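Lettering of chains follows the sequences in order, A, B, ..., and the numbering in each one begins at 1. What's counted below: heavy atoms across the whole structure, side chains too, no hydrogens, waters or symmetry copies. As the structure is a computational prediction, the values presented were derived from the model and not from experiment.
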Number of protein chains: 2
Amino acid sequence: MTPYIKNIIKYGVIIFILLSTFKISELLLLNSIMSLDTYSFLIAIISILIGIYYSTKLSERKISSPYLTTIPIESNSVISKREMEVLLLLSKGLTNKEISNLLFISLNTTKTHLSSIYSKLGTNNRVQTIKAARESGIIEY
Amino acid sequence: MTPYIKNIIKYGVIIFILLSTFKISELLLLNSIMSLDTYSFLIAIISILIGIYYSTKLSERKISSPYLTTIPIESNSVISKREMEVLLLLSKGLTNKEISNLLFISLNTTKTHLSSIYSKLGTNNRVQTIKAARESGIIEY
DNA sequence: AAATACATCACCCAAAAGTATGAATTGAAG
DNA sequence: CTTCAATTCATACTTTTGGGTGATGTATTT
């Protein structure tokens with residue numbers, strides 16, 4: 001099954017569940033099984049969760065931007081945006097765990113990015129990497 | 001007025017407005033001026049906005065972190081001759097084993113020197129150490 | 001529709017780095 | 001001669017890092 005079809009089904013199911021929830025709540029409300037307060041509360045909670053979900057989805061790119069403002073990334077750079085963020089934090093002397101926490105990714109992901117950076121710069125430890133990145137102008141001194 | 005008081009007032013006003021909106025809507029609903037659908041829609045929209053607002057607030061907080069500040073170092077730190085040699089090789093990106101081989105000392109000795117350097121510069125890993133040493137003029141860039 | 005790059009995460013394993021403690025030797029300074 | 005800092009090394013332990021493989025979801029491009 002293609003990802004496109006998958007998405008349609010996925011969102012279809014989500015919307016169906018949401019609408020069902022709302023309608024069931026409405027029924028319960030109209031039959032006085034549920035109070036208006038409970039009904040409002042339910043809708044509010046669900047809506048807040050939706051708001052949080054979508055804004056985090058949308059702001060995923062924004063979160064990382066501050067680290068990138070200091071140094072403009074060349075479009076033809078072999079280092080990807082995310083890798084550049086990791087690289088910059090690396091050069092500050094942070095541990096992998098600290099980098100992970102700052103970027104809100106798992107330790108494993110940080111390691112994956114680092115491995116990728118290492119292979120791209122032809123290095124095999126962090127100090128060498130920072131040195132190479134500086135000498136090739138990828139990051140500032 | 002202190003920012004603390006300001007915040008209390010700010011959030012108080014916001015909560016008041018929100019509660020008022022909800023209660024007015026409820027009144028309009030109960031007097032059949034507003035349909036249940038409109039009522040639900042209103043609550044949903046407001047809640048989604050709240051969700052978006054708070055999640056962006058939270059993601060802003062992620063960005064500003066204490067890790068990005070420069071590391072303060074003691075000015076009265078005295079690096080011995082041998083420690084300096086280790087430090088210089090360290091800054092070239094060599095591993096402890098490589099440093100040990102170059103200086104004809106054991107791995108343990110290199111580690112000891114490094115521990116000493118770390119405590120003198122107030123650091124706890126090699127990248128931080130190189131950074132601190134450069135910023136305090138102990139070694140060149 | 002398929003290929004590609006990117007970002008994310010997991011698991012495993014091995015090597016390296018870092019921490020703590022103790023100790024022997026040596027050379028310079030008081 | 002004693003004291004002290006510097007250098008050397010060891011042992012033991014924990015944490016961090018690095019390497020390799022594979023998987024998933026998403027977005028973009030062809």
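- Listed pair A:K81 / C:dC6 fails the phosphate criterion, with no side-chain N or O lying under 4.0 Å from OP1 or OP2.
- Inspection of the B:T109 and B:S106 side chains reveals an N or O donor paired with an N or O acceptor under 3.5 Å.
- The phosphate of C:dC6 (OP1 or OP2) has no side-chain N or O of A:S116 nearer than 4.0 angstrom.
- Between B:N96 and C:dA16 there is no side-chain polar atom (N or O) within less than 4.0 angstrom of OP1 or OP2.
- Rounded to whole Å, the distance from CG on B:L94 to P on C:dA17 is 10 Å.
- The CG-P distance, from B:L103 to D:dT7, rounds to 11 Å in whole Å.
- Across all non-hydrogen atoms, the minimal contact from B:T110 to B:N96 is CG2-O, 3.8 Å.
- Atom C1' of nucleotide C:dA16 and atom CG of B:L90 are separated by 13 Å, given to the nearest angstrom.
- Distance CD/A:Q128 to NZ/A:K131: 8.0 Å, rounded to 0.5 Å.
- A:L121 has its CG atom 15 Å from the C1' atom of D:dG18, to the nearest Å.
- Side-chain N/O atoms of A:Y118 include none lying less than 4.0 angstrom from OP1 or OP2 on D:dG19.
- Under the 4.5 Å side-chain criterion, counting only non-hydrogen atoms from C-beta, A:T129 is in contact with A:L87.
- With contacts defined as side-chain heavy-atom distances shorter than 4.5 Å, the pair A:R82/A:I105 qualifies.
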Can you give me the N/O atom pairs linking the protein to nucleotides 10-14 of chain C at distances under 3.5 Å, or say none if there are none?
none

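- When the P atom of D:dT17 is taken as reference, atom CD1 of A:I99 falls 8 Å away, rounded to whole Å.
- Ranking D:dT17, D:dT7, C:dA16 by closeness to the A:R126 side chain, first place goes to D:dT17.
- Taking atom CZ on B:F104 and atom C1' on D:dT7, their separation rounds to 17 Å, with Å as the unit.
- Taking atom CG of residue B:L114 and atom P of nucleotide C:dA16, one finds them 15 Å apart after rounding to whole Å.
- Nearest to the side-chain atoms of A:H113 among the listed nucleotides C:dG18, D:dG18, C:dA7 stands C:dA7.
- The heavy-atom pair separating B:V86 from B:L114 by the smallest distance is CG1-CD2, 3.7 Å.
- Taking atom CE on A:M84 and atom P on C:dA7, their separation rounds to 12 Å, with Å as the unit.
- In this structure the side chain of B:K120 reaches within 4.5 angstrom of the side chain of B:E83, judged on heavy atoms.
- The side chain of A:N124 sits closest to D:dG19 out of D:dG19, D:dG18, C:dT19.
- Distance from the side chain of B:R82 is smallest for D:dT8 among the nucleotides D:dT8, D:dG18, C:dC6.
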